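All of these numbers come straight from a predicted model, not from anything done at the bench. Every chain is numbered from 1 and lettered A, B, ... according to where its sequence line falls, protein lines coming before strand lines.
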Number of protein chains: 2
Amino acid sequence: MTSTPGLVGAVRQGSLRELNLAVVLGRIAAAERPPSRADLAAETGLTRATVSAVVEDLITGRLVTEADPAPRSGAGRPARGLVLAGDGPAGLGLEINVDYLAACVVDLAGRVRHHTVHRADLRPHSPADALARLVDLAGRARADATAQGLTLAGAALAVPGLVDDAGTVRLAPNLGWRDVPVPSLLAVHPPLTDAVDGVPPLVVDNEANLAALGELHADPDGPASFLHISGEVGIGAGIVLDGALFRGARGWSGEIGHIPVSPEGRPCRCGGRGCLEQYAGQEAILAAAGLAGADLPADTAAARLAELAGSGAADVLGALREAGTALGVAVAGVVNLLDLDTVVLGGGYAPLAPWLRPPVLAEISRRVLTAAWSPVTVRPAVLGADAAAVGAAGSVVRRIITRPAGWLARAG
Amino acid sequence: MTSTPGLVGAVRQGSLRELNLAVVLGRIAAAERPPSRADLAAETGLTRATVSAVVEDLITGRLVTEADPAPRSGAGRPARGLVLAGDGPAGLGLEINVDYLAACVVDLAGRVRHHTVHRADLRPHSPADALARLVDLAGRARADATAQGLTLAGAALAVPGLVDDAGTVRLAPNLGWRDVPVPSLLAVHPPLTDAVDGVPPLVVDNEANLAALGELHADPDGPASFLHISGEVGIGAGIVLDGALFRGARGWSGEIGHIPVSPEGRPCRCGGRGCLEQYAGQEAILAAAGLAGADLPADTAAARLAELAGSGAADVLGALREAGTALGVAVAGVVNLLDLDTVVLGGGYAPLAPWLRPPVLAEISRRVLTAAWSPVTVRPAVLGADAAAVGAAGSVVRRIITRPAGWLARAG
DNA sequence: CACTATTTGTTCAGCGATTGAATTATTTGG
DNA sequence: CCAAATAATTCAATCGCTGAACAAATAGTG
């Protein structure tokens, strides 16, 4: 890993078309309203002739379709609007978590075309068993997608833990997994999707990362850089910089739960002391609210807290204020370091956002140097608990949009 | 600022050559030993014919020269090694700090060809006055460069503060600057260099950012991602990810000095409490070591502390241990968040590294989840106090290497 | 209703850059 | 001295973009 900046592969003759396919498709995807070929030519600086040729490739590859006459006023031949095809490739998103499995299918345009959640406590089951159930769920999702005329172009699996490049789950504490080689365990099943352009048929990634991508995907007009915090039993963060997920040197970025917020404070199971998780993790909040022994399923605990807080329970309000302050201390550090202007409260934090937001904002305005010039926005996530599954499917779709050549080569 | 990922400009016909110029030049720059045209063809996948054509452009543009016969063994026509030209374009690096001005010139190959430091307390002077002195220093640097056959292709100025896109210094607390429009103040002087490819003749950037780039530049075989910490009166950090500087949404990333390390601890001039700067900043270390009133020049304070620590002064050792622990707490949070595997102690921390390193490492191993699998390296910076000036010059050189077409168009 | 202005999208010759094979250049080894 | 081997160049072919001309389709105008 030496420092060879920008060493992209050489640009061969055909790469030109590959790159322009991506450029044009990216513009179509990012546009507010269906652009015409002429619009695209003006935006990109390419000739109308070139854009026409590129668009023709995209249309025959079923990535783009012509929309109804665009609402363009004025004289002249009416433009034909271009939109992402709703019946071409789609992404399969899977999620495996402590007490549920989920599968969903998202089409190119970003619409969720299929969604199933299977509730079950997975901790007693072996990884192989859990994955077998997941394959079953995925099979049904694929059947539904096929029935709708969609073709799955890849799959991504969200796991609540650290995943290495090979797709092995190195550590998923709440699931009780350690060094689980997901791809080889899945090899006994028929492949979920075909490999496209060298990308394996199933990509495994961290839940917090994919949830952040889901948020990016669900709100195309939102900011291009933000911090997405998933508050579950552990606290994970997905860092989106300039529209792309930042994964860190080894893909293990975002462990915000173990940022120290009180250096010699409560001992943490990670071995350190005073980690954020001990103050703003789900268990810590429940304990502070006097609900320690309630043993609620992970995904209902947040809803329950929100309900109690809404009815004005004093100890719950106090617990949330304390958690929000701890969260704010950690977030202030992150914002100082990365200069982000948006923080999204996701996962279990989303329903609690009304109570967490004020203390988080207070700490930010106290501690962030640049907050005076440009304020930091703190808002709840748009997607709910299934953000990771949707984000996983969206990551597949996004890969097609940023590199359409692979799909086109496959589709013929 | 909407989320339009990877919306690079379209790829026009001529971009092909532009991109391949960058690819080939980048390989030559990154190579361990002078590569031949055939090596480059094999590495990049381009044809030997194409590589020859590209290399010819680079040679006539004075970016590359043929080295002495390469030490290649075996039969066949001997290869002609290609190296970065030492007599073509060069970068001018400038630095303005509390008690000195610096100018240096770095050639394409990365050698420092000129270096001047002018010591003077700049706080009493107006920004315009300080900049006038800097222009004088820069003029002499340029004269020296010209005498050596070099052509300045751009300049960069390092400032200890926050700089916006336009080059205005929004806030440089230790210099006492606020909203200083550097480019327009410099407009009264003749331009230091010509504009190349739309980049203004002088780029203003944060000192910590440029120092990190200097480190990247000084150690080409080092890691591609690291955190570089400049410990001066304030504490700044430069974040290098994958060989590129990460600047944040607005270019104000790296304010590590105000990460909370003891949330309700000592009040900080930023308005917060318990900021790292209050525990590991130069003033804090001096105070803890019982040297508060010494009023040392900023750049000798570190040397003095190192000297005292080397001779075993107990209170200095204690102060450094305490500072190192605070630094370690903050760094652990950063490493958890960004998953970096290398931390470089730069600026005033470099000479103190022998004493700071152990407590920093201790906090990291306590608090970083992934430290067990892949250890985090903490090491002193290679460059000394002038890292920022060298890094500034290096940033100019780096821009030429990553985008040679601009220079070639200018050179004709 | 005919006519013009206007904008969109396509067609086509031209051109620049890459390609692949053939050719030349230069050295080692027998 | 000759064959083998490797490096670099030459050159016709090809691929994709360019620019201009052209066809298509509509709104406005008298």
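To the nearest 0.5 Å, the span separating CG on A:Leu84 from CG on A:Leu58 amounts to 9.5 Å. Summarising the geometry, atom CG belonging to B:Leu16 is positioned 7.0 Å from atom OG belonging to A:Ser15; distances are rounded to the nearest 0.5 Å.
Separating the CG atom of A:Leu19 from the P atom of D:dC15 is a distance of 19 Å, rounded to the nearest angstrom. In this entry the distance linking CZ of B:Arg80 with P of C:dA25 reads 13 Å, nearest Å.
For the pair B:Arg113 and B:Asp144, the salt-bridge criterion is not met [side-chain N within less than 4.0 Å of a carboxylate O].
For the side-chain contact (heavy atoms from CB on, under 4.5 Å) with A:Leu82, the lone residue among A:Val64, A:Asp39, A:Thr65 that qualifies is A:Val64.
Nearest-nucleotide mapping onto DNA chain D: of A:Gln13 and B:Arg12, the residue sitting toward the 5' end is A:Gln13. Take the nearest nucleotide of DNA chain D for A:Gly14 and for B:Arg37: the residue whose nucleotide is more 5' is B:Arg37.
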Residue pair B:Arg37, B:Glu56: steps toward the salt bridge (Lys or Arg N to Asp or Glu O under 4.0 Å) verdict: CA-CA 10 Å; B:Arg37 293 167 175 78; B:Glu56 193 182 321; over 6 Å; no

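For A:Thr151 and A:Arg62, the side-chain atoms include at least one donor-acceptor pair closer than 3.5 Å.
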Under 3.5 Å between N/O atoms: give me all the protein pairs with nucleotides 26-30 of chain C, atom names plus distance.
residue, atom, partner, partner atom, Å
C:dT26, O2, B:Arg77, N, 3.1
C:dT27, O2, B:Gly76, N, 3.3

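A heavy-atom distance below 4.0 Å to DNA chain C is reached by these residues of residues 46-56 of chain A, ordered by number: A:Arg48, A:Ala49, A:Ser52.
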